[in-house]
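I have placed the structure first, in the form of structure tokens, so that the comments after it can refer back to it.
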2 protein chains.
Amino acid sequence: MSAPTLTSSARNRLLDVGARATPAREHVLEILLAATRALSHQEIEAAARKQGFNFDRVTLYRVLDWLVTQQLAHKIEGQDRVWRFNAITVTSTEHGHAHFHCTRCGQVFCLEQLEPSFAVTLPAGFRFEKAELTIQGICPSCATD
Amino acid sequence: MSAPTLTSSARNRLLDVGARATPAREHVLEILLAATRALSHQEIEAAARKQGFNFDRVTLYRVLDWLVTQQLAHKIEGQDRVWRFNAITVTSTEHGHAHFHCTRCGQVFCLEQLEPSFAVTLPAGFRFEKAELTIQGICPSCATD
DNA sequence: TATTTTATGCAACCGAGTTGCACGTCGACC
DNA sequence: GGTCGACGTGCAACTCGGTTGCATAAAATA
């Protein structure tokens, strides 16, 4: 899973969907690809700034939305009314998804690899589309404190 | 919609926790108990207004928060960055919970009766606390349209 | 009744996300 | 190569759910 360089990978992904690989899109996707967890727009902005790349708040929102519609990223609703994003690396089934939410530091981790198996029988009349499993607990870095 | 049982029930619940049964708390809890689904603060406010009972936005927020801390209600984070509340009727295990979110009308139903059974093995270092299962789909009233 | 505690109302605020519009930039087409 | 149109970005102002601080009202306690 060792991509040649993250930048080219991000760029390739952008070109794959036949879209303009603008600096903003490249930077954001690169940041998402490099992250081990789901990032809020603030964290993304901070990361970009640290790389010396500044852009408008609104641009970031639009880029993120665009990445989601292009199926390049994934939007997660957190417990704190903040959306978090992570890059889609594997072609997920999109029928189930698990997230881990640390109750101490608030970080959200995307557990892509594990497909939750649950047995639910919905009441009559409800039509199933997909399920999201959110697990709350303590993340590794908080647990060691 | 003045069901005598509901009011007294709401009042009893309030007195059970040894707290003041103020009009605001009574009305809100009553509304929550009468609802078949999780209500947003707006819906609660509208319902109260319809009963001729008006109170401040802030009061509602505080009452709801208070109900949650008293374990009389339950706070649900929706996909639309809005909190929804429903009365806790059965003593739930609080170790798992399932919600149904209608992707068409946005309503949230609390599936208290069904304890989701899922098999998840967290990556090393993650400590489990509790899980919330959110199921997306179409609710009965939307399905018939 | 006087005092303390608790609940409510009001106004101002915060912060995430959105909208509208102007400007810049890129690609296409003649 | 120059012009045009489409698309991306920046800026400012806005919406809206939720919060905070403080003054006042209503219970509880004495």
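- Ring orientation note: the planes of A/His74 and A/His99 are tilted relative to one another, at an angle of 30° to 60°.
- Aromatic rings of A/Phe55 and A/Phe53 (six-membered ring for Trp) have centroids within the 6.0 Å cut-off, being under it.
- If you measure from atom CD of B/Gln42 to atom C1' of D/dG17, you get 9 Å, rounded to the nearest angstrom.
- Rounded to whole Å, atom P of C/dC26 lies 15 Å from atom CG of A/Leu14.
- Dashed line: the shortest gap from a side-chain N or O of B/Tyr61 to OP1 or OP2 of D/dG18 is under 4.0 Å.
- Applying the 4.0 Å criterion to OP1 and OP2 of D/dG8, one finds that A/Arg25 has a side-chain N or O inside that range.
- Separating the CD atom of B/Glu77 from the P atom of D/dG17 is a distance of 13 Å, rounded to the nearest angstrom.
- Distances shown here put every side-chain N or O of B/Thr22 at or beyond 4.0 Å from the OP1 or OP2 atom of C/dA7.
- Residue B/His27 contributes atom NE2, which lies 16 Å from atom C1' of C/dA7 at whole-angstrom precision.
- For the pair A/Phe126 and B/Cys139, the tightest heavy-atom approach, listed with the atom from each and the gap, is CD2-CA, 4.0 Å.
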Dump every N/O contact between nucleotides 22-30 of chain D and the protein below 3.5 Å, one line per pair.
none

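- Proximity of B/Val28 to B/Leu64: side-chain heavy atoms (C-beta onward) are separated by under 4.5 Å at one or more points.
- Residue B/Val58 is in base contact, counting any heavy-atom pair closer than 4.0 Å across all strands shown.
- Residues A/Arg84 and B/Trp66 both approach DNA chain C. Their nearest nucleotides, taken by heavy-atom distance, put B/Trp66 toward the 5′ side.
- Using a cut-off of 4.0 Å between Lys/Arg side-chain N and Asp/Glu carboxylate O, A/Glu43 and A/Lys50 are scored as not salt-bridged.
- Between the base of D/dG18 and the side chain of B/Arg57 there is a donor-acceptor pair shorter than 3.5 Å.
- In this structure a side-chain-to-backbone donor-acceptor pair under 3.5 Å is present from A/Arg81 to B/Arg81.
- One interatomic measurement links the two molecules: CG of A/Leu64 to P of D/dT9, which rounds to 11 Å at whole-angstrom precision.
- Here the C1' atom of nucleotide D/dC7 and the CG atom of A/Asp65 are 16 Å apart, to the nearest Å.
- Between the P atom of D/dT19 and the CG atom of A/Asp80 lies a distance of 12 Å, rounded to the nearest Å.
- Electrostatic pairing of A/Glu26 and A/Arg20 does not count as a salt bridge here, judged by no charged N lying under 4.0 Å from a carboxylate O.
- The side chain of B/Trp83 lies closest to D/dT19, out of C/dG17, D/dT19, C/dG9.
- Separating the CG atom of A/Leu60 from the P atom of D/dC11 is a distance of 14 Å, rounded to the nearest angstrom.
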